[in-house]
Amino acid sequence: AALGCALWVPLPGVMGEECPSPCSCTSLGEARGTRVDCSSRGLRSLPALPRLARGLRLSNNSLASVPAGALDGLGRLQELELWDNPWHCDCHILYLKLWLEDFSAPALARLRCASPAHLRMKPLAQLSGNELGPCKTLLPTKCLQFFWRDLILIAGGTITLVLVALALKFSKKLVCQLTLGGRRLRRHISKTH
């Protein structure tokens, strides 16, 4: 019977990744990942999370929002607890709402807005774009950097193609002129001899 029980051992550094302070981490085995418990720690911001996190507990903290892109690297995540946080429902909450719509509808259903006053106690899942106010920048900064980089690469590629096409056109004209010029020269030489 003892062999069938799982052994949960808290580790300071789990599988090469540091456990974020002040959280506690438990290894679920090398192939299964890590359980990260950050609940009831008074967190006001999200700590750097291990990429191998399979379970993440962030309930009963002082989190008002989650930075855009902060949860994107957690590919193994299967369990998430976020309730009992004072979520501020403005544009900054949009990332978390959209991420949870893809990840876990039940986890999203448990979250409620704490502020602003007109949205207090409203379920996060029921928020509409009009209630969030004017959201000008919805993309994370990294996405915008990639957008501009891609736009520059596309413009550079287009300019290069146009220059190559022009070079081919002029080289074709040059070959024609040299060919015609060579024929005229031969005719001129043959007439003089």
Shortest non-hydrogen contact between A48 and P20, atoms and distance: O-CB, 3.2 Å
Point-to-point distance, once rounded to the nearest 0.5 Å, from CG of L127 to SG of C89: 4.5 Å
Least distance between heavy atoms, L43 atom then P22 atom: CD2-CD, 3.7 Å
Spacing of D37 atom CG and S24 atom OG [to the nearest 0.5 Å]: 4.5 Å
Trace of the side-chain contact (heavy atoms from CB on, under 4.5 Å) decision for L71 with L46: CA-CA 10 Å; L71 302 172; L46 202 62; 4.1 Å; yes
L74 backbone acceptor or donor facing R51 side chain under 3.5 Å: no
Minimal non-hydrogen separation, C23 against V36, with atom names: CB-CG1, 4.2 Å
Closest non-hydrogen atom pair between L124 and I93, with its separation: CD1-CG1, 3.6 Å
Nearest-0.5 Å distance that lies between atom CG in D90 and atom OG in S65: 7.0 Å
Main-chain N/O of G156 paired to T160 side chain as donor or acceptor, under 3.5 Å: yes
Distance-minimising heavy-atom pair for L108 and K97: CD2-O, 4.1 Å
Audit row: W99, L80, side-chain contact (heavy atoms from CB on, under 4.5 Å) steps and yes/no: CA-CA 12 Å; W99 189 87; L80 180 62; 3.6 Å; yes
Distance (rounded to the nearest 0.5 Å) between L168 CG and L163 CG: 11.0 Å
Test item: W87 and L119 side chains (from C-beta on) under 4.5 Å apart, heavy atoms: no
Distance in Å, H88 NE2 paired with S115 OG, rounded so as to fall on 0.5 Å steps: 4.5 Å
CA sep, side-chain torsions, deciding dist, call: L49, L77, side-chain contact (heavy atoms from CB on, under 4.5 Å): CA-CA 11 Å; L49 299 169; L77 195 64; over 6 Å; no
Separation between OG of S39 and CG of L58, rounded to the nearest 0.5 Å: 8.0 Å
Side-chain donor/acceptor of N61 to backbone N/O of R41, under 3.5 Å: yes
With E81, the salt bridge (charged side-chain N to carboxylate O under 4.0 Å, His left out) member among R57, R35, R110: R57
